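Written below as C-alpha cells is the structure these notes are about.
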Amino acid sequence: MKNIVVLISGNGSNLQAIIDACEQKKINGTLRAVFSNKADAFGLERARDAAIAAHALEASQFASREAFDRQLMQEIDAYAPDVVVLAGYMRILSPAFVAHYSGRLLNIHPSLLPKYPGLHTHRQALENGDQEHGTSVHFVTDELDGGPVILQARVPVFAGDTEQDIIERVQSQEHAIYPLVINWFVNGRLKMVDNHAWLDGVCLPAQGYAADE
Ligand code: GRF
C-alpha cells in the first residue's frame, strides 16, 4: 500500500473526501498523517476522528520559512510518503520543500488554471462575469499554482450566484476529482516528466486529462 500524507490549513473538506475514499478503497493507499500549519484547523479533528495521526506546526515557532519547512519535511518523511497532498494548505512552500517532493507533490486550486492563480478566485470569476469557473488538480512546481495540470472540473456560474454558491459548487467537484487523481498516482499511472503530467504513458495537454480539445 502506498503512503499518503495530507497538508491542510483549515476546514479540510477535501481531506474528508480523501479519508472517505481511502476507507471505501476508492484510493488504493493508506493515509498515514495529516499536518496543519494552524493548530485549530477543523481538518485536524477530521483526521483524529478517523484515527489518523494529526500534527500542527506553528510558523511563529520558527525563525524562517526554510526552518519551518525543514522541520515539516523531517516530520512528513517519518511517514515515508509516496505522495504528499496539499488540500487547502495556505502557506507558501520554500523551494527546498518543493524540490524534495518534486514529482510526488499534488495541489488542488479553485480555478481553471492558468486563469486566476492566487487567492479569491471565486470572487474574481463573479466580478468578471465569467459563465464558468472550476478547479484544477496539478503537480506542484516552484511557480505558484503553475505546475502541470492533471485534471480540471468545470462548473457553471448562474445569474444571481453569490460567492458562496460558487465556492460550494466548485468544492463538490473537488471532492470528486481529487480522490480520483490521487488514486491514479498511487496506482503508478500518473507521473510528472519534464514539467508535464503523464497519465498511462500519454503526455496530458495543458488543461489536463479532460481537456475540451
Ligand atoms: C479548496 O477549495 C481548495 O481548492 C483550496 O482551498 C480549499 C480548501 O477547502 N486550495 P477545504 O479545507 O478542503 O474544505
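Start at 1 and go down the list; that is how both ligands and their atoms are numbered. Counting begins at 1 with the first residue of the sequence. None of the values given here were measured: they were computed from a predicted structure.
- Between His55 and Tyr79, the two ring planes are tilted [angle within 30° to 60°].
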For ligand 1, run through the N/O pairs with the protein that fall under 3.5 Å and put one pair on each line.
residue  : atom   : partner : partner atom : Å
ligand 1 : 2 (O)  : Gln171  : NE2          : 3.1
ligand 1 : 2 (O)  : Glu174  : OE1          : 2.8
ligand 1 : 2 (O)  : Glu174  : OE2          : 3.4
ligand 1 : 4 (O)  : Glu174  : OE1          : 3.4
ligand 1 : 4 (O)  : Glu174  : OE2          : 2.5
ligand 1 : 9 (O)  : Gln171  : NE2          : 3.2
ligand 1 : 10 (N) : Ile108  : O            : 3.0
ligand 1 : 12 (O) : Gly12   : N            : 2.8
ligand 1 : 13 (O) : Ser13   : N            : 3.2
ligand 1 : 13 (O) : Asn14   : N            : 2.8
ligand 1 : 13 (O) : Asn14   : ND2          : 2.9
ligand 1 : 14 (O) : Asn11   : ND2          : 3.4
ligand 1 : 14 (O) : Ser13   : N            : 2.8
ligand 1 : 14 (O) : Ser13   : OG           : 2.5

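- Taking CG of Leu7 as the reference point, atom CE of Met90 lies at 13.0 Å (rounded to 0.5 Å).
- In this structure, Leu93 is not a member of the same hydrophobic cluster as Ile8, with clusters built from ILVMFWY side-chain heavy atoms closer than 4.5 Å.
- One side chain, Arg46 or Asn11, offers a donor N or O that lies under 3.5 Å from an acceptor on the other.
- Side-chain contact of Gln173 with Thr135: a donor-acceptor pair under 3.5 Å is absent, judged by distance alone.
- Using modelled atom types, one finds no donor on one side chain facing an acceptor on the other under 3.5 Å when comparing Asp69 with His100.
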